[in-house]
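Everything below concerns the one structure shown next.
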Amino acid sequence: MADNAWPRSPRTSDEGAELSDSGQSSENGVIHLEIGGETAEEKEKRLAWALRKKPLTSKDRALRLEAHKTHVIALLASARIRNRWCNNMLLKARLLSLLPHPLQSAFNIPPSRFPDRAQRSRLFFDALQSLATWWSQSFFDVSDDTLGLRTRPWDEVQGIVDALPRLTRREILGTSFGSRGDSLDELEKLSTNSGGERLRSPNSLMKKVLQQEGSRDVMAQLFVALARACGLGARLVTSLQAIPWRAEKQSTPKKKKGAGRNGQSLASRQGNGPASDNEDDEEDDMEEVPIPSHTEDSDGGKAPRNNTKKATIRQAGRRRHIDPADVYRLRAPKPPPQTPSTPTAARKRPELLSNQPPVFWCEIYSRSDQRWIPVDPVRGTIRKKSHFEPVSDNGSVRMLYVVAYEEGESRRDVVSNTPDGHARDVTLRYTKNFGAKTSKLRVPLRKDEEDWWSEITAFLQRPNRLQRDELEDAELETSQFSEGMPLHLNGFKDHPIYVLERHLKREEVITPKREIGRFKGEPVYRRSNVVSCKTAENWMRLGRRVKNKEEPLKWVKQRAVTLQKRRMQELALQERGEAVQQGLYAQWQTDVYIPPPIHNGEIPQNSFGNIDLYAPTMLPAGAVHLPYKGIAKVAKALTISYAEACTGFEFKKQRAIPVITGIVVAKENERIVLDAYWESAAAAESRERVKKEERALKRWVKLINGLRVRARLQEEYGGSGQVGTADSAFR
DNA sequence: CTGGACTACGATCCTTTGAGGCAA
DNA sequence: GTTGCCTCTTTGGATCGTAGTCCA
């Protein structure tokens, strides 16, 4: 308002001289008025408010959700393909040939030789730990810590998408292959520039085996292949790094770097002096896999041996790095040079992942324990399920969906290449606060809709459940219940297990109201004791009626949306001085409404002159529903008792409009009414056809007359000159 | 100084049965 | 006289997500 220039009044310009006396005028008779004084501070505040980052619109949110879902599915598919690659016979054979024999034979723990189950279990863990240690410290190196899947913020992905050349529909469909290839190349360049990695076939994995180095993702995948080669039940586990759909808290630019690193890294490196600005350079020097600190304590007596081994390995690693004869070193995965054609300033080195928990890992089935054992092939740890969840919720690696792919049901599956690799959602095993935190980052549940994620996982699950599936389900469920109560108020919101009364929805009631704990003095209840209630009218809309003598579980203020309702409410407020309340009932307080049967073919009508038919069960016995448009007129002409069927409501302009779907008549009248209806419908149709024909004939007459006029004109006045088009002849 | 709680604001969902006038 | 169509009218409140502010 303040900056706008307003003509003070509709005076003409020759009065401008008079205006200039007011002191604020400009030459052309327009003066500037400031309405409502505003200090500079206020103005600044107002502008900042206008320029603030607006909350997402519903359209944005829907778009993000779709992008998130699509990405999740793509990642699932990708992981499934990698999982299948891990079954590749040649790959497994090659890995097995490189494995020192004692490491493999350590898994040979037959119950015949070791009758004690606990002992078998111990031996198995030892063997597994040795394998993981050998793998992570002797055999395989992470060559480039910037390579690997990770979560990217929405804006970053948007930037990448914006930098892509725009594809036309035809290009996407592949008719012009050349330009499509170019675009794919460009896409690949962009993705590798930001830490992506492209493997085309199991052969690519094979190459990494020979190189004995690769990204940490590949490292985990190859370990799965190795474990399968050893005959172990091995799952490829992955934490899907899908693009987040929620609006991110915008981080202040200067802080971004520090915030990106999570606390784990700083903790493990504390004592190295204050984190300086050249932190990145320091980390570039750390070519080795971070040595897990817990190896020693979990491994007791073996520790010294491991240490010496580690030392030699490190030397070997370094030797390899400087060996000029090493062909593979020459092709070290280095970020390609930046192309000047894409001037995105945001294109910088992708963040190191060495401080982040892995995205791919492994689960090995322990027969003696009948449990899946988490193995981290990158850090060389086993049985550390809590080490996979990142500390930060908005870092480069997040944990929302953790999916475990199995090898396949049987060897036959693998050989015959039938769809293998059933998968299970094992997120509960790895998250500490699933209910309070993780579940809220997923695709939100929608009312009256199946949960999207459970629909997706249903596709992946083994159709015939095995005993170990049941056992695992029980384990995961226990872990969810042992998760404990949230520590913060927000955690209780939409928590799958706990509720506070203050977070109840309007129509929700806790019953039975059994307190299971306290949060800051507030009683905590079970989510499973929350029931959703409805008013008696709403139950009727579903074809249910509140049973006799049932008392409402809850009283709430009545809602008034239509004008009529609101007026009634105001009236009541004035008369009695209190708002109209309405009672809510739970489903178990209702039963299916069965209307009284009809007598003598008479269809009862309600006060609106129709019959309520919100559900098929609301049709009275002895009556039929004839859902045809215009049938009421027929029944009326026949003077047969009927009622229009109200099957629902349309709501517009604060007015509820009943949806009428045909009529209800007595069963004995059905034949008569239907016959008459078909007859009248046929008559109406033929009338319509006659009308249509007449219209068509009229048009033909008009056209032919027009043409005749045109021909005559041409004949009389024509010759070589332009007489005009047929169009003009009609004017 | 950090992070949880609270608050403001906008979007979205819930709601659930006209009357009068005019022309065909 | 009946029927169908058009127009008029008025615009809440709970709840949720987001982002900023406040305070322990």
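Note on naming: letters A, B, ... go to the chains in the order of the sequence lines (proteins, then strands), and numbering restarts at 1 for each one.
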message = Expressed as a whole number of angstroms, how long is the span from A/Q558:CD to B/dT16:C1'?
response = 12 Å
task = Take atom C1' in C/dT7 and the same atom in B/dT15, then report the distance between them in whole Å.
result = 24 Å
ask   = If you measure from the P atom in B/dA19 to the same atom in C/dG12, how many Å do you get, rounded?
value = 22 Å
request  = Using a heavy-atom cut-off of under 4.0 Å over every strand shown, decide if A/K520 touches base, sugar-phosphate, or nothing.
outcome  = sugar-phosphate
request  = Flag the pair A/F492 / A/F519 as yes when their ring centroid distance falls below 6.0 Å, and as no otherwise.
outcome  = yes
ask   = In whole angstroms, how far is the C1' atom of B/dT15 from the CD atom of A/E537?
value = 12 Å
query = Does the gap between the ring centers of A/W539 and A/Y585 come in under 6.0 Å?
reply = no
request  = Could you tell me the separation between the NZ atom of A/K505 and the P atom of C/dA14, rounded to a whole number of Å?
outcome  = 15 Å
request  = Would you indicate which nucleotide in C/dC16, B/dA5, B/dT17 comes nearest to any side-chain atom of A/H488?
outcome  = B/dA5
key: Spacing of A/H503 atom NE2 relative to C/dG17 atom C1', expressed in whole Å   = 14 Å
query = Counting only side-chain N and O atoms of A/R559, is one of them less than 4.0 Å from OP1 or OP2 of C/dT15?
reply = no
ask   = Can you check whether A/E551's main-chain N or O pairs, donor with acceptor, with A/Q589's side chain at less than 3.5 Å?
value = yes
key: Interatomic distance, A/W539 CH2 vs B/dT16 C1' [rounded to whole Å]   = 16 Å
query = With respect to the side chain of A/F519, which nucleotide from B/dA5, C/dT3, B/dT17 is positioned closest?
reply = B/dA5
task = Measure the distance from CH2 on A/W245 to P on C/dC16 and round it to the nearest whole Å.
result = 14 Å
ask   = Does the side chain of A/R442 pick up a donor-acceptor pair with the side chain of A/T427 at under 3.5 Å?
value = yes
key: Residue pair A/R544, A/T590: steps toward the side-chain hydrogen bond (donor to acceptor under 3.5 Å, both in side chains) verdict   = CA-CA 6 Å; A/R544 301 184 71 88; A/T590 68; 2.8 Å; yes
request  = Would you mind classifying the nucleic acid contact of A/D494 as base, sugar-phosphate or nothing, using non-hydrogen atoms under 4.0 angstrom?
outcome  = nothing
inquiry  = Distance alone, cut at 3.5 Å: any donor-acceptor contact between the side chains of A/S239 and A/Q241?
reply    = yes
ask   = With respect to the phosphate group of B/dC14, does any side-chain polar atom (N or O) of A/N538 fall under 4.0 Å of OP1 or OP2?
value = no
key: Nearest-neighbour nucleotide for the A/R506 side chain, B/dT17, C/dA14, B/dT16 considered   = C/dA14
query = Under 4.0 angstrom, heavy atoms only, what part of the nucleic acid is A/N490 near: base, sugar-phosphate, or nothing?
reply = sugar-phosphate
query = From B/dT17, B/dA5, C/dC16, pick the nucleotide closest to the side chain of A/Y614?
reply = B/dT17
message = Using a 4.0 Å heavy-atom cut-off, does A/K633 contact any base of the nucleic acid, only the sugar-phosphate backbone, or nothing at all?
response = sugar-phosphate
ask   = When the C1' atoms of C/dA14 and B/dT17 are considered, how many whole Å apart are they?
value = 24 Å
inquiry  = OP1 or OP2 of C/dG17 versus the side-chain N and O atoms of A/K440: is any pair under 4.0 Å?
reply    = no
request  = Establish, with yes or no, whether the OP1 or OP2 oxygen of C/dA14 is under 4.0 angstrom from a side-chain nitrogen or oxygen of A/K557.
outcome  = yes
ask   = How far, in whole Å, is C/dA24 from B/dC1 if one measures between their C1' atoms?
value = 12 Å
request  = Using atom CG of A/L489 as one end and atom P of B/dG3 as the other, report the distance to the nearest whole Å.
outcome  = 18 Å
request  = Could you state the atom-to-atom distance from CD of A/Q582 to P of B/dC14 in whole Å?
outcome  = 15 Å
remark   = Using Watson-Crick geometry (N1-N3 plus N6-O4 or O6-N4) or G-U wobble (N1-O2, O6-N3), each under 3.5 Å, C/dT11 is paired with none
